[in-house]
Amino acid sequence: MRTLLLFLLLTASLSLSAEELRVVSLAPALTELICRLGKENSLVGRSSACNYPAGVKKIPVAGEFGKPNPEKVIVLKPTHVFANALATPAAAAMLRSAGIRVILKQCRNPDEYREWITLAGKELKCEAEAQKERERFDKELAELRRKTRSSAGKNVLCLIWDNPPTAAGKGSLPDTVIRLAGQRNTAGGIRQEYFNPSFEWLLKNQPDILLLPGFPEAQVKNLRQSLPWTKLKAVRENRIISDIDPDLLLRPGPRLTQGIRLLSERCQD
């Protein structure tokens with residue numbers, strides 16, 4: 001294995017054209033951003049979680065979300081690797097030793113997405129396109145804020161899982177999405193991004209709406225029929241939202257404003 005890696009490192013060091021950009025993205029939101037900036041042709045590798053736009057599914061998989069397969073990455077001879085973070089620091093060191101520029105920066109909310117727009121625009125030599133994307137994103141966020149400013153809003157509890165119950169608290173991306181949609185996060189007073197509420201807490205803090213992004217239909221059906229969930233007013237009154245594409249709500253990328261708009265509309269139904 002070590003011999004193979006050494007060989008790959010040597011071959012990867014062969015010079016590429018100074019103008020050629022070859023990018024491996026290990027985060028779905030960053031893959032979407034690269035494509036939004038018109039640089040989809042620069043993508044030579046992706047994580048197994050990167051699935052949008054549809055064309056990226058043809059690009060070779062070079063690892064999992066934040067977990068590169070160093071051998072596969074090096075064979076692709078990228079100039080850049082984009083990721084939020086890597087599971088092991090040694091992976092970044094290995095890739096950098098092959099002459100690859102490894103860019104690591106979190107993307108967990110709208111502000112950090114804006115920072116990534118600027119960074120990607122600079123790294124990919126498309127700063128004009130990045131400026132347009134920033135302006136588009138800021139305009140849509142401002143429009144959402146104007147529309148929801150006078151809204152009384154409803155209490156919305158976002159569950160990431162139901163067994164054990166895992167809810168989104170203060171500072172999480174769902175917390176931000178709920179607030180930008182003009183609603184109130186039922187768990188907004190919990191100073192943890194994600195936590196496991198007791199059923200006593202759930203019954204005491206009755207949400208008006210239960211948001212279940214990414215829950216399979218069978219899982220939602222089971223929740224509707226099971227104790228103690230049936231003691232929640234939102235469940236009894238069928239105020240459950242589970243059919244919005246979870247990538248629009250849980251992926252801080254170009255489509256986040258679309259997810260916020262859809263949630264705002266569904267909460268008014």
Side-chain angles (χ1 to χ4, degrees), residues 1-109 111-127 129-130 133-134 173 193 247 250-256:
M1 181 66 71
R2 177 172 291 184
T3 301
L4 175 60
L5 279 174
L6 286 171
F7 173 75
L8 292 172
L9 287 170
L10 287 171
T11 55
S13 299
L14 297 174
S15 61
L16 292 167
S17 166
E19 298 301 318
E20 186 176 4
L21 288 168
R22 297 173 61 83
V23 185
V24 169
S25 172
L26 297 173
L30 303 183
T31 298
E32 289 195 27
L33 170 59
I34 292 166
C35 296
R36 180 62 67 105
L37 297 180
K39 291 293 184 176
E40 184 171 350
N41 289 339
S42 296
L43 280 168
V44 296
R46 63 180 174 96
S47 80
S48 56
C50 299
N51 59 1
Y52 188 90
V56 305
K57 295 178 183 178
K58 300 177 183 178
I59 296 171
V61 172
E64 300 176 23
F65 181 23
K67 296 180 180 180
N69 180 316
E71 295 89 345
K72 289 185 178 180
V73 173
I74 291 171
V75 164
L76 294 170
K77 296 184 179 180
T79 56
H80 294 71
V81 168
F82 284 3
N84 300 146
L86 296 185
T88 60
M94 182 183 298
L95 297 176
R96 286 176 174 134
S97 70
I100 301 167
R101 184 162 171 75
V102 180
I103 310 294
L104 303 178
K105 182 175 175 55
Q106 289 292 348
C107 188
R108 299 163 294 193
N109 53 54
D111 289 338
E112 290 180 347
Y113 173 63
R114 290 187 79 262
E115 292 170 1
W116 254 111
I117 297 172
T118 301
L119 181 57
K122 181 179 178 181
E123 293 292 332
L124 302 180
K125 300 180 176 61
C126 56
E127 292 179 275
E129 289 81 0
E133 172 61 5
R134 272 195 311 275
L173 180 59
E193 290 191 10
D247 290 345
L250 304 179
R251 186 176 291 183
R255 297 183 293 160
L256 185 62

Would a 4.5 Å heavy-atom cut-off, applied to side chains only, mark D247 and R255 as touching? yes
Can you confirm whether N41 is buried at CG, in the sense that more than 12 heavy atoms of other residues, nucleotides or ligands lie under 6.0 Å from that atom? no
Any donor and acceptor pair, going by atom type alone, linking the side chain of S25 with main-chain N or O of R46 inside 3.5 Å? no
So, taking the atom named CD1 in I103 and the one named CG in L30, what distance separates them when rounded to the nearest 0.5 Å? 11.0 Å
Among E32, R108, E133, which residue satisfies the side chain to side chain donor-acceptor pair (under 3.5 Å) criterion with Y113? E133
For the CZ atom of R114 and the CD atom of E112, what is their distance to the nearest 0.5 Å? 12.5 Å
Working to the nearest 0.5 angstrom, can you tell me the gap between L173 CG and R251 CZ? 11.5 Å
Rounded at 0.5 Å granularity, tell me how far OG1 in T31 sits from CG in L43. 6.0 Å
F65 vs P28 side-chain heavy atoms within contact, under 4.5 Å: yes
Member of L76, V75, V73 meeting the side-chain contact (heavy atoms from CB on, under 4.5 Å) criterion with P60: L76
Find out whether P68 and V81 are in side-chain contact, i.e. whether some heavy atom of one side chain is under 4.5 Å from a heavy atom of the other. no
If you look at every heavy atom in C35 and V56, which pair is closest and at what distance? SG-CG1, 3.7 Å
Determine yes or no for a side-chain-to-main-chain donor-acceptor pair under 3.5 angstrom, with R22 supplying the side chain and V44 the backbone. no
Residues K72 and V61: closest non-hydrogen pair is CD-O, 3.7 Å
One should read off an interatomic distance between H80 NE2 and I100 CD1, to the nearest 0.5 angstrom, of 11.0 Å
Would you say the side chain of E40 lies within less than 4.5 Å of the side chain of P53, judging by non-hydrogen atoms? yes
Where do C107 and W116 come nearest, in terms of heavy atoms and distance? CB-CD1, 3.6 Å
How long is the span from the CG atom in L37 to the CG atom in L124, to the nearest 0.5 Å? 7.0 Å
Nearest heavy-atom approach of L33 to A120 is CD2-CB, 3.9 Å
Please confirm whether the backbone N or O of V102 pairs with a side-chain atom of R96, one donor and one acceptor, at under 3.5 Å? yes
Using every non-hydrogen atom in the two residues, find where A27 and S47 come nearest and quote the distance to one decimal. N-OG, 4.4 Å
I would like to know whether K105 and L119 meet side-chain contact (heavy atoms from CB on, under 4.5 Å); could you show each step before the answer? CA-CA 10 Å; K105 182 175 175 55; L119 181 57; 4.0 Å; yes
Do the side chains of R101 and T79 get nearer than 4.5 Å, heavy atoms only? no
Heavy atoms of I74 and P78 approach each other most closely as O-CD, 4.5 Å
